[in-house]
Amino acid sequence: MPELPEVEVVRRGLERWVAHRTVADAEVLHPRAVRRHLAGADDFAHRLKGHRIGTPSRRGKYLWLPLEDTGQAILAHLGMSGQLLVQPHSAPDEKHLRIRIRFTDARDTELRFVDQRTFGGLSLHDTTPEGLPDIIAHIARDPLDPLFDEEAFHQALRRKRTTIKRALLDQSLISGVGNIYADEALWRARIHYDRPTTGFTRPRTLLLLGHVRDVMNAALSVGGTSFDSLYVNVNGESGYFDRSLDAYGRENLPCRRCGTPIRRRPWMNRSSYYCPKCQRPPRLVRGVTAR
DNA sequence: CTATGAACCTGGGCGC
DNA sequence: TGCGCCCAGGTTCATA
């Protein structure tokens, strides 16, 4: 499941293989893949044609390709299962190929958006003076962004009546964190996912942010996480970070710190993994005695 | 305004 | 063998 590190790996791949090339044509094979482009598939394809792609950017889990001299950018979100693949023209179409973009140069590669579950997609948007696609203006900076505002994040935690994992997944407070890295960072920080954020001290917030950065940088250094064949980077290679996860997906396996079996709990229509000893639950969880 | 939960999707895995 | 159900989960939208 692509979170910030995986998306950044894709961005780097696009920078190498797609930047500074001019679009010859775009082919939309599944309308749902451009549903965020409200003017429709034909308009999407028409507006890309003939324009040169600039340097790819990213914020959180969103990435975008500026279209030079248009004031617009192709915004991409991989959703749950999206991939951006650079393939030779001769490569057979993937089963879930949704969009194909060809270029005017003689290099034998094209860009493909492949997405089994179709939660992801591409769309075209005006960019703000800062170069940000306008529809993601509400997405907070991510923790690897040098301009991420730690103090604002801390104050938001104290102001809101919520719990820490909900806050970590709230892309308007901090972006790029998904279910996997939330569980990993909380395990490293020894914080239970259901802890209320109201009483967080500044050192506690900064400790947690440090672990969020650490786990993301660790994933980046090995090229992203993959649990199955769904995630591959822009060149089709899988990541390897799944081998070093400490909490996510490790139900009943011993905690690497204390040996206590890791637990899985249903949480918000998904799962939370945690060590019941290292990550002590809050005294009261929904009015029921903890643990 | 804020917090919460359903809906959107598909394919793999499992019980019967 | 095949059917029905559950699960994975990021984001958006409706509801309380």
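Sequence lines set the chain letters: A, B, ... in the order given, protein chains first and strands last, and positions in each chain run from 1. Predicted model only: the values in this text are computed from it and were never measured.
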> CG of Asp115(A) versus P of dG11(B): gap in Å, rounded?
Replying inline: 11 Å
> For the base of dA8(C), is there a side-chain donor-acceptor partner from Arg117(A) under 3.5 Å away?
Replying inline: yes
> Hey, does the side chain of Arg159(A) come within less than 4.0 Å of dT2(B)'s phosphate (OP1/OP2), counting only N and O?
Replying inline: no
> Listed by chain and number, what are the salt bridge (charged side-chain N to carboxylate O under 4.0 Å, His left out) partners of Asp134(A), not counting sequence neighbours?
Replying inline: none
> For His96(A) and dG11(B), what is the distance between atoms NE2 and C1' respectively, to the nearest whole Å?
Replying inline: 7 Å
>> Do Pro2(A) and Val10(A) have side chains that approach each other closer than 4.5 Å (heavy atoms only, starting at C-beta)?
In response: no
> When you measure from the side chain of Thr118(A), which nucleotide among dC9(B), dG11(B), dG10(C) comes out closest?
Replying inline: dC9(B)
> Taking only residues at least two apart or on different chains, which pairs with a member in residues 103-130 of chain A satisfy ring pair (Phe, Tyr, Trp, His ring centres under 6.0 Å)?
Replying inline: none
Polar atoms only, N or O, under 3.5 Å: list the protein pairs with nucleotides 6-8 of chain B and their distances.
from	atom 1	to	atom 2	distance (Å)
dC8(B)	O3'	Arg32(A)	NH1	3.3

>> Checking Arg32(A) now: which residues fulfil side-chain hydrogen bond (donor to acceptor under 3.5 Å, both in side chains) with it, not counting sequence neighbours?
In response: Thr118(A)
> Is the shortest side-chain N to carboxylate O distance from Arg188(A) to Glu184(A) below 4.0 Å?
Replying inline: no
> Between atom NZ in Lys95(A) and atom C1' in dT10(B), what is the gap in whole Å?
Replying inline: 9 Å
> For Ser81(A) and dA8(C), is the shortest distance between a side-chain N/O and OP1 or OP2 below 4.0 Å?
Replying inline: no
>> In whole Å, I'd like the distance from the NZ atom of Lys165(A) to the P atom of dA3(B).
In response: 18 Å
> salt bridge (charged side-chain N to carboxylate O under 4.0 Å, His left out) with Asp183(A): which residues, sequence neighbours excluded?
Replying inline: Lys165(A)
> Expressed in angstrom and rounded to an integer, what is the separation of Met80(A) atom CE from dC7(C) atom C1'?
Replying inline: 10 Å
>> So Arg264(A), base contact, sugar-phosphate only, or nothing? Heavy-atom distance under 4.0 Å.
In response: sugar-phosphate
>> Please determine whether a side-chain nitrogen of the Lys or Arg among Arg265(A) and Asp194(A) lies less than 4.0 Å from a carboxylate oxygen of the Asp or Glu.
In response: no
>> With nearest nucleotide decided by heavy atoms, which residue, His30(A) or Arg161(A), maps closer to the 5′ end of DNA chain B?
In response: Arg161(A)
> CG of Asp170(A) versus C1' of dT2(B): gap in Å, rounded?
Replying inline: 11 Å
> Is any side-chain N or O of His77(A) closer than 4.0 Å to OP1 or OP2 of dT11(C)?
Replying inline: yes
>> Based on the rotation axes of five pairs at each end, what angle does the helix from dT2(B)-dA16(C) to dC16(B)-dG2(C) bend through, to 10°?
In response: 60°
> So, is Gln171(A) near the phosphate of dT11(C), with a side-chain N or O under 4.0 Å from OP1 or OP2?
Replying inline: yes
> Leu168(A) has an atom CG; how far is it from atom P of dT11(C), in whole Å?
Replying inline: 14 Å
> Which pairs count as side chain to side chain donor-acceptor pair (under 3.5 Å) when at least one residue sits in residues 33-42 of chain A, sequence neighbours excluded?
Replying inline: His37(A)-Asp43(A)
> Glu110(A): what forms a salt bridge (charged side-chain N to carboxylate O under 4.0 Å, His left out) with it, not counting sequence neighbours?
Replying inline: Arg100(A), Arg102(A), Arg112(A)
> Rounded to whole angstrom units, what separation is found between the CG atom of Leu4(A) and the P atom of dG10(C)?
Replying inline: 13 Å
> Can you list every pair that meets ring pair (Phe, Tyr, Trp, His ring centres under 6.0 Å) and has a residue in residues 50-85 of chain A, with sequence neighbours left out?
Replying inline: Tyr62(A)-His77(A)
> OP1 or OP2 of dA3(B) sitting under 4.0 Å from any side-chain N/O of Lys160(A)?
Replying inline: yes
>> Students often get this wrong, so: under 4.0 angstrom with heavy atoms, is Thr162(A) touching a base, only sugar-phosphate, or nothing?
In response: nothing
